[in-house]
Asks: 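I'd like to ask some things about the structure below.
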2 protein chains.
Amino acid sequence: MNYKEIENCPLNVFLKSFSGKWKPIILYCFFKNGNMRFTDLWRAIPAVSKKVLLQQLKELEKSEIVQRTQINTFPPEVFYGLSGKGDSLLPVILIIEEWITINKYQSEP
Amino acid sequence: MNYKEIENCPLNVFLKSFSGKWKPIILYCFFKNGNMRFTDLWRAIPAVSKKVLLQQLKELEKSEIVQRTQINTFPPEVFYGLSGKGDSLLPVILIIEEWITINKYQSEP
DNA sequence: CCGTATCCTAATGGATACTG
DNA sequence: CAGTATCCATTAGGATACGG
């Protein structure tokens, strides 16, 4: 088993797309609310700075999990939401949710 | 939707247990090889330092995903491997693997 | 409203030497 | 062999102000 092989293992590839303090939370918002305007998303996650929120959204966009839509009014309206690939995560999330429940896993304070 | 609620969403709780550069790789080794001596694991992941490898193992132990077994010879033999909870991750990993394959997702160089 | 720039702090990870 | 201690480098994230 060489090192390149283990580095590209599915779990690693998967987790790398979601590494970032706010990414899971962002996705959760989209699963619950569908597309959201940037400012509304920000209001839903008040603890993050605008800069970082944007950063994480860009990275999710690059992974093609999140889609950005801009309407060129002034001031501009920008919506973020799940792409098709993002939507396809739902069954994965549900399995994870089930695993969490079964294992009664609690996040640490 | 208040903030505490979204912070404890399953995806977030799940991902927090695996946040760490080497944790997914460590788990992959255990899934492939079963229990492993510390040094053998280290040889399988040559790019990580001993200190950090130990650190990540301890965190996985704390999440009860990994189990440590020590045999008190001299020099001591210490085995690391999946706990029952760790084993129960297998179906989750398989779904993730399937998702990765379907989406032909490639890790970035 | 949306995004960028700057500056700063905290957290994570790496190199190396040492011990039982 | 397994683990600890130190010290250092890199990165991620946060505060704030400004611009289109």
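Below, read A as the first sequence line, B as the second, and so on, with proteins coming before strands; counting in each chain starts at 1.
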Asks: Mapping Lys51(B) and Lys50(A) onto DNA chain C by nearest heavy atom, which one lands closer to the 5' end?
Replies: Lys50(A)

Asks: How long is the straight-line distance from CG of Asn33(A) back to OH of Tyr28(A), given to the nearest 0.5 Å?
Replies: 9.0 Å

Asks: Rounded to the nearest 0.5 Å, what separates atom CH2 in Trp99(B) from atom CZ in Phe14(A)?
Replies: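 Separation between the atoms: 6.0 Å.
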
Asks: Among the nucleotides dT4(C), dG13(C), dT4(D), which one has an atom lying closest to any side-chain atom of Gln56(B)?
Replies: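 Looking only at side-chain atoms, Gln56(B) lies closest to dG13(C).
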
Asks: Measuring to OP1 and OP2 of dA10(C), would you say a side-chain N or O of Lys21(A) lies under 4.0 angstrom away?
Replies: no

Asks: Rounded to the nearest 0.5 Å, what separation is found between the CD1 atom of Ile6(B) and the CG atom of Leu11(B)?
Replies: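 Ile6(B) CD1 to Leu11(B) CG: 12.5 Å, rounded to 0.5 Å.
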
Asks: Using OP1 and OP2 only, check whether a side-chain N or O of Lys58(A) sits under 4.0 Å from dT4(C).
Replies: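 The answer is yes; a side-chain N or O of Lys58(A) sits under 4.0 Å from OP1 or OP2.
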
Asks: Tell me: CH2 of Trp42(A) to P of dC2(C), nearest whole Å?
Replies: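 That distance rounds to 10 Å.
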
Asks: Rounding to a whole Å, what distance do you find between Leu41(B):CG and dC1(D):P?
Replies: 14 Å

Asks: Considering only side-chain heavy atoms of Thr39(A), which listed nucleotide, dG14(C), dC1(C), dG14(D), is closest?
Replies: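 Selected nucleotide: dC1(C).
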
Asks: Within this structure, what is the CZ-to-P distance between Phe38(B) and dG3(D), rounded to whole angstrom?
Replies: 7 Å

Asks: Which sits closer to the 5' end of DNA chain D, Ser49(A) or Pro75(A), going by the nucleotide each is nearest to?
Replies: Ser49(A)

Asks: What is the distance, to the nearest angstrom, from the CD1 atom on Ile71(A) to the C1' atom on dG3(C)?
Replies: 17 Å

Asks: Find the distance Lys16(B):NZ to dT12(C):C1' and express it as a whole number of Å.
Replies: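 Taking NZ of Lys16(B) and C1' of dT12(C), I get 17 Å after rounding.
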
Asks: Heavy atoms, side chains only, cut-off 4.5 Å: are Asn35(A) and Phe30(A) in contact?
Replies: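 No, side chains not in contact.
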
Asks: Which heavy atom of Gln56(A) sits nearest a heavy atom of Ile26(A), and at what distance?
Replies: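 Reported closest heavy-atom pair: CB-CD1, 3.8 Å.
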
Asks: Heavy atoms under 4.0 Å, any strand shown: does Tyr80(B) hit a base, just sugar-phosphate, or nothing?
Replies: sugar-phosphate

Asks: So what does Glu59(B) hit on the nucleic acid, given a heavy-atom distance under 4.0 Å: a base, only sugar-phosphate, or nothing?
Replies: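 No contact.
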
Asks: With a 4.0 Å cutoff (strictly under), does any side-chain N or O of Arg37(A) reach OP1 or OP2 of dC2(C)?
Replies: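 True: Arg37(A) side-chain N/O within range (under 4.0 Å) of dC2(C) OP1/OP2.
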
Asks: Using the side-chain heavy atoms of Trp22(B), tell me which of these nucleotides is nearest: dG14(C), dG3(C), dG3(D).
Replies: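 The answer is dG14(C), which lies nearest to the side chain.
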
Asks: Which of the following nucleotides, dG13(C), dG3(D), dC1(C), is nearest to the side chain of Leu54(B)?
Replies: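 So the side chain of Leu54(B) is nearest to dG3(D).
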
Asks: Measure the distance from CG on Leu53(B) to C1' on dA15(C) and round it to the nearest whole Å.
Replies: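 Computing the Leu53(B):CG to dA15(C):C1' distance gives 15 Å.
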
Asks: Using heavy-atom distances to pick each residue's nearest nucleotide on DNA chain D, tell me which of Val48(A) and Pro76(B) is more 5'.
Replies: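 Final value for this comparison: Pro76(B).
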
Asks: Report the distance from atom CG of Asn72(A) to atom C1' of dG20(D), rounded to the nearest whole Å.
Replies: 12 Å

Asks: Rounded to the nearest angstrom, tell me the gap between atom CD in Gln55(A) and atom P in dG14(D).
Replies: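 Going from Gln55(A) (CD) to dG14(D) (P), I get 9 Å.
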
